[in-house]
Engineer: 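This is the structure, below, for whatever I ask next.
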Amino acid sequence: MQYIYIGPATGITLNDNGEKKEVLLFTGRKVDLPDCAEVKTLVAMKRLSPVTVAAAPQTAATATASSSASASSSSTPATASAATATTASAETAAPASADATASTASTDTKGA
């Protein structure tokens, strides 16, 4: 079973069905440990927390299908034409405001 260790870095000798097994434990790391008395002791001391199994993992085919569907929906022709229209209107607005500024400046100098 997998556990996450919380505590100072340490090493432990486990008795796994009569076979001695040396394990190094580091804080925050997952470790696969057998079901033995030493592990049960560390769980009781709250030094080991069992890793809970999350929801069913996505298969590679499902992940590929969903990512390609979202990619194709984000590059629609309507989106591209809307971006072009916005850019075009910004370009035509800039020279018009520059002309207005120039004509206002020439009007001010005539009045003085």
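Residue numbers run from 1 in the order of the sequence given.
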Engineer: For residues 38-50, dump all side-chain donor-acceptor pairs below 3.5 Å to protein atoms at least two apart in sequence or in another chain.
Structural biologist:
unit_1	atom_1	unit_2	atom_2	d
Thr41	OG1	Ala37	O	2.9
Arg47	NH1	Ile6	O	3.4

Engineer: Going by the rule side chain to side chain contact (heavy atoms under 4.5 Å, CB included), which residues pair with Ile4 if we only count those two or more places apart in sequence or in a different chain?
Structural biologist: Lys30, Val51

Engineer: Give a yes or no on this: more than 12 heavy atoms of other residues, nucleotides or ligands lie within 6.0 Å of atom CG of Asn17.
Structural biologist: no

Engineer: To the nearest 0.5 angstrom, please state how far the NZ atom of Lys21 sits from the CG atom of Leu33.
Structural biologist: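 Separation between the atoms: 6.5 Å.
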
Engineer: Do any side-chain atoms of residues 9-16 form donor-acceptor pairs under 3.5 angstrom with protein atoms, and if so which ones, sequence neighbours left out?
Structural biologist:
unit_1	atom_1	unit_2	atom_2	d
Thr13	OG1	Glu22	OE1	3.3
Thr13	OG1	Glu22	OE2	2.5
Asn15	OD1	Gly18	N	3.2

Engineer: Within this structure, what is the OH-CG distance for the pair Tyr3 and Leu25, rounded to the nearest 0.5 Å?
Structural biologist: 12.0 Å

